[in-house]
Amino acid sequence: CTKTQHSNDSNSSSQRRGRGADDPVVAPPANLPAAVLSAFNTRYSNATRVEWQPEDNNTWKAKFFVGTVRWKAFFRADGTFISASLA
């Protein structure tokens, strides 16, 4: 008895999410202020799978992975760091 089914399951790896560094880079939205992106990249240079969402006219939320741990961080539009926590 050999285990060949695992190697034939080509769809399982493409449907899995939440693996962190294995996933492609997500481009930031065009309206993300440069100051926010710069502050984020300085603070979280090893972040992967970063997803951006505007919270209001002055606040942006980033969801991202550091290793296998998912985080969320908030920044003001001028790049000021507000807070971060596990997501």
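Side-chain atoms are counted along with the backbone in the values below, which use heavy atoms only and exclude waters and symmetry mates.
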**Study point:** Distance (rounded to the nearest 0.5 Å) between R70 CZ and R49 CZ
**Key:** 6.0 Å
Point to revise | Which atom of A77 lies closest to which atom of A35, heavy atoms considered | key: O-CB, 4.0 Å
Review point. Is any NZ, NE, NH1 or NH2 atom of the basic residue among E55 and R76 found under 4.0 Å from an Asp or Glu carboxylate oxygen of the other?
Key: no
Check your understanding: Taking the side chain from T42 and the backbone from S38, do they hold a donor-acceptor pair closer than 3.5 Å?
Key -> yes
Review point. Y44 vs F64 aromatic rings, parallel, tilted or perpendicular, using cut-offs 30° and 60°?
Key: tilted
Exercise for review: Please name all residues satisfying side chain to side chain donor-acceptor pair (under 3.5 Å) with K61, sequence neighbours left out, ordered by chain then number.
Suggested key: Q53
Check your understanding: Where do A39 and G79 come nearest, in terms of heavy atoms and distance?
Key -> CB-O, 3.1 Å
Revision key, fill the gap. The residue among F75, F81, W60 that forms side chain to side chain contact (heavy atoms under 4.5 Å, CB included) with F40 is F75
Review point. Are V66 and W52 grouped together when hydrophobic residues (ILVMFWY) are joined by side-chain heavy atoms under 4.5 angstrom apart?
Key: yes
**Study point:** Partners meeting side chain to side chain donor-acceptor pair (under 3.5 Å) with N46 (sequence neighbours left out)
**Key:** none
Point to revise | Contacts of T59 that satisfy side chain to side chain donor-acceptor pair (under 3.5 Å) - sequence neighbours left out | key: D56
Exercise for review: Could you give me the CA-CA distance, side-chain angles and deciding distance for F65 and V50, then say whether side-chain contact (heavy atoms from CB on, under 4.5 Å) is met?
Suggested key: CA-CA 7 Å; F65 284 88; V50 183; over 6 Å; no
